[in-house]
Amino acid sequence: MNAVEIKPGIYWVGAIDWAIRDFHGYITPDGTTYNNYLVMDEEITLIDTVKLDFAETTIKNISNITDPSAIKNIIINHIENDHVTSLGRIMELTPDATIYITEKGRKGLERFFDISSWNISTVKTGDTLNIGKRNLLFIETAMLHWPDSMMTYIKEDRILVSQDGFGQHLASASRFDDEFIESESEHKLDEAVIDYYANILMPFGNLIKSRIGEIQDLGIEIEIIAPDHGIIWRKNTAGIIKRYLDMANGAADMRVAIIYDTMWQSTGIMTTPLVQGIRDEGVDCSVIKLRATPASVAIKEFWRSRGVLIGTPTLNNKMFPSVAGFLHQLAGLRPKNRIAGAFGSYGWGGGAVKEAYESLKAMKLEVFEPGVESLYRPSPEDEGRCYDFGRAFAREVKEYHSRFKQ
Ligand code: FEO
């Protein structure tokens, strides 16, 4: 797709990756984009680059606006592979350009490229760069989501280039939120925001609050938020900031995600009366079978729900491997503000449900116990106990949810 002018003299020159489905293990059913921006001023400035596979795409987009050799400044907000690996190719075209990057970013850049002949200027929060009619303000956002991360604010145009922050993995011909909502839907956009936040930013809620607070303390007016993935926010800029603050404060829907796996369908059978019990308390519910569902989708369902029930058969006195793997991944995301329970089946001896509870408690999640277990195939009595457990858990979810201001 050709360059798109997002404000007079400022262009999106990125690439749309329609085909990617596995983004370092995070499943992206809607593809993604790698966004970068060209600012045409007295000193032509490129903000960010793209994944190496798309180097020629961004070079072509830049070339439609200007000769790439005319680029004087390159801002590198983040050095993860999807944003920096084409920098070497661009530097071949404009070897005298100056790169502006954080100190930690500069150190990381050495691992990607021989930077000995490059002009590099390290920047920190509050530093500015005059490029002619415009001034750029740099804002470090360390650990959002890497130590090197920063954002760049184009003062005169009130554009915040927010690198991964406020992004979404969505390949679309639409470049802006209002266009996307018109051609697709607001719901699909919000689902992409939740998915991205849950899988990438969940561990950093407190940092997100402080960094947004710091940006607000700078007193800058933000008209457009231009992330490095997905659509650009120009209609609902305030809304996406609020959405992030809400998620950082633990926002969730009053619903339950049942995330389980099953060997011979015994644990699977238990989900049916659980769903009925939860629904009979008026709480919505979704059911995710792990080996049938990418882990990143299960993570998103977990994150959007106030309550989660983990279902696991016992295998050799342990949790089923796919369930153990999911909980291991979830623990790394440091989840908060969710209530959890567990259920499962066993043959000769149990152990999996107990182990699931240990794992949930180690994450410091609120737990509702005891869970419910079934020996071999669930009997009608077992199914009755599952129904009662589902109802009781749903009541707990409602009570727990009431503690959070939405
Ligand atoms: Fe889109 Fe942290 O890379």
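Just so it is clear, the model here is predicted, and its values are computed rather than measured. One is the number of the first residue; the rest follow in order along the sequence. Order of appearance sets the numbers: ligands from 1, and atoms from 1 within every ligand.
At a cut-off of 2.8 Å, D164 coordinates atom 2 (Fe) of ligand 1 through an N, O or S atom. Contact annotation: H83 places no N, O or S atom under 2.8 Å from atom 2 (Fe) of ligand 1.
Ring geometry for F23 versus H169: interplanar angle of 30 to 60°, hence tilted. Using the six-membered ring where Trp is involved, Y244 and F166 have ring planes that are tilted, between 30° and 60° apart. In this structure, Y26 and H24 have tilted ring planes: the angle between them lies in the 30° to 60° band.
Screening residues 299-331 for ring-ring contact (aromatic ring centres under 6.0 Å, His included) gives Y197-W303 as the qualifying pairs, with residues at least two apart or on separate chains.
Looking at D82 and atom 1 (Fe) of ligand 1 together, the shortest N, O or S contact belongs to OD2.
Rounded to 10°, the angle formed at atom 2 (Fe) of ligand 1 by E80 OE1 and H78 NE2 is 100°.
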